[in-house]
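What follows is a short report on a single structure.
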Amino acid sequence: MSILVVGSIALDTINTQKASNKQLLGGSASHAAVAASFFSKVNLVGILGKDFPKRHLKLFNDRGINTEGLEIAPGKTFRWECQYEEDMNKRQTLSTDLGVFADFSPELPKTYIDTQYVLLANIAPALQLQVLDQVKKPRLVVADTMDLWLNTALPDLKKLLKKVDVFVLNDGEAMQLTGEDNVISAAKKTHKFGPKQVIVKKGEHGSILSGPDGLFIAPAFPLLKVVDPTGAGDSFAGAMVGYLAGTKGGIRNNLKKSVVYGSVVASFCCEGFGMKKTVATSSADIQKRFNLLKKSAQF
Ligand code: AMP
């Protein structure tokens with residue numbers, strides 16, 4: 001099965017305390033699509049400028065990512081720059097240059113509208129809604145978000161959440177959305193907005209899946225060194241939905257495993273700038289970490 005991924009396609013400049021890397025392939029949809037491509041085919045939706053390097057499009061295509069839904073518009077590709085503190089959990093956005101993204105009005109190619117698994121990666125909720133409304137009969141709708149939309153587009157986000165099956169957000173966002181000061185209560189209260197399944201990400205401390213089967217506490221893969229965590233959340237969501245689309249046995253039965261595969265792919269993402277490490281990773285590397293994580297969480 002294929003998954004549809006919509007979100008940002010970006011050229012990121014990432015500054016850590018140790019190094020700076022300019023104009024890396026980034027964006028929520030790029031990270032999510034590459035992560036999903038380990039498990040399933042991907043129909044990618046997004047916009048890019050004429051300056052977008054051809055080698056990135058080749059990378060997508062080489063990984064079975066369909067780029068028919070990418071609009072190439074006159075103007076510049078979305079650019080984003082951030083600075084990480086010594087504590088890599090803390091970062092500041094230095095600049096966001098929307099470029100062609102400012103006029104993005106996604107229209108799905110006909111070949112995409114029957115896609116059953118939909119991942120609405122982080123972009124404005126109005127755009128996520130616009131894409132979702134064009135998909136004929138989705139079997140699973142997963143959405144991610146960021147604090148910016150909680151602050152500037154809450155009514156749209158609430159409208160979207162009524163149509164979402166699995167909502168992925170981080171601990172701070174869940175607390176902001178619900179007004180709760182405890183992550184578990186925040187996860188539980190998030191269901192009231194619509195999603196049956198809620199996944200709260202807690203960075204290096206793993207994630208919590210809350211749903212009709214109760215709580216599942218998924219560990220993060222214990223890394224000795226983080227190089228650049230940019231896109232880890234997007235990789236998590238991409239791998240999760242990709243795994244569900246690429247695996248037989250039903251969504252509910254495979255959900256916990258999909259969350260663990262999400263953690264594993266996110267861990268590779270953190271080990272290199274942009275998606276350098278992710279693209280150098282093999283399915284065997286992923287399976288090895290999955291098995292290690294499974295063993296370390298059993299008692
Ligand atoms: P994450 O580290 O999971 O928060 O994702 C970082 C990615 O999100 C980067 O590759 C950015 O290009 C992208 N990004 C940053 N700001 C935005 C925004 N306002 N809308 C969409 N994508 C964004």
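In listed order, ligands and their atoms are each counted from 1.
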Within the protein, flag every N or O under 3.5 Å from an N or O of ligand 1, and note the pair and distance.
{"unit_1": "ligand 1", "atom_1": "2 (O)", "unit_2": "R91", "atom_2": "NH1", "d": "2.9"}
{"unit_1": "ligand 1", "atom_1": "2 (O)", "unit_2": "G231", "atom_2": "N", "d": "2.8"}
{"unit_1": "ligand 1", "atom_1": "3 (O)", "unit_2": "D234", "atom_2": "OD2", "d": "3.1"}
{"unit_1": "ligand 1", "atom_1": "4 (O)", "unit_2": "R91", "atom_2": "NH2", "d": "2.8"}
{"unit_1": "ligand 1", "atom_1": "5 (O)", "unit_2": "D234", "atom_2": "OD2", "d": "2.9"}
{"unit_1": "ligand 1", "atom_1": "10 (O)", "unit_2": "D12", "atom_2": "OD2", "d": "2.4"}
{"unit_1": "ligand 1", "atom_1": "10 (O)", "unit_2": "G27", "atom_2": "N", "d": "2.7"}
{"unit_1": "ligand 1", "atom_1": "12 (O)", "unit_2": "D12", "atom_2": "OD1", "d": "2.7"}
{"unit_1": "ligand 1", "atom_1": "12 (O)", "unit_2": "D12", "atom_2": "OD2", "d": "3.4"}
{"unit_1": "ligand 1", "atom_1": "12 (O)", "unit_2": "G27", "atom_2": "N", "d": "3.4"}
{"unit_1": "ligand 1", "atom_1": "22 (N)", "unit_2": "S8", "atom_2": "OG", "d": "2.8"}

Pair up each side-chain donor or acceptor in residues 53-60 with any protein partner under 3.5 Å, not counting sequence neighbours, and list the distances.
{"unit_1": "K58", "atom_1": "NZ", "unit_2": "D62", "atom_2": "OD2", "d": "2.8"}

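- Tested against N43 for a side-chain hydrogen bond (donor to acceptor under 3.5 Å, both in side chains), the candidates N66, T111, D114 yield a single pass: N66.
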Show your reasoning for whether salt bridge (Lys or Arg N to Asp or Glu O under 4.0 Å) applies to D133 and K163. CA-CA 10 Å; D133 286 346; K163 302 179 179 190; 3.1 Å; yes
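- A cation-pi arrangement is not found for R139 relative to Y117, the charged atom failing to lie both closer than 6.0 Å to the ring centre and inside a 45° cone about the ring normal.
- For the pair R63 and F38, the cation-pi criterion (under 6.0 Å, within 45° of the ring axis) is fulfilled.
- Partner of K276 under the side-chain contact (heavy atoms from CB on, under 4.5 Å) criterion, chosen from V227, N21, D228: N21.
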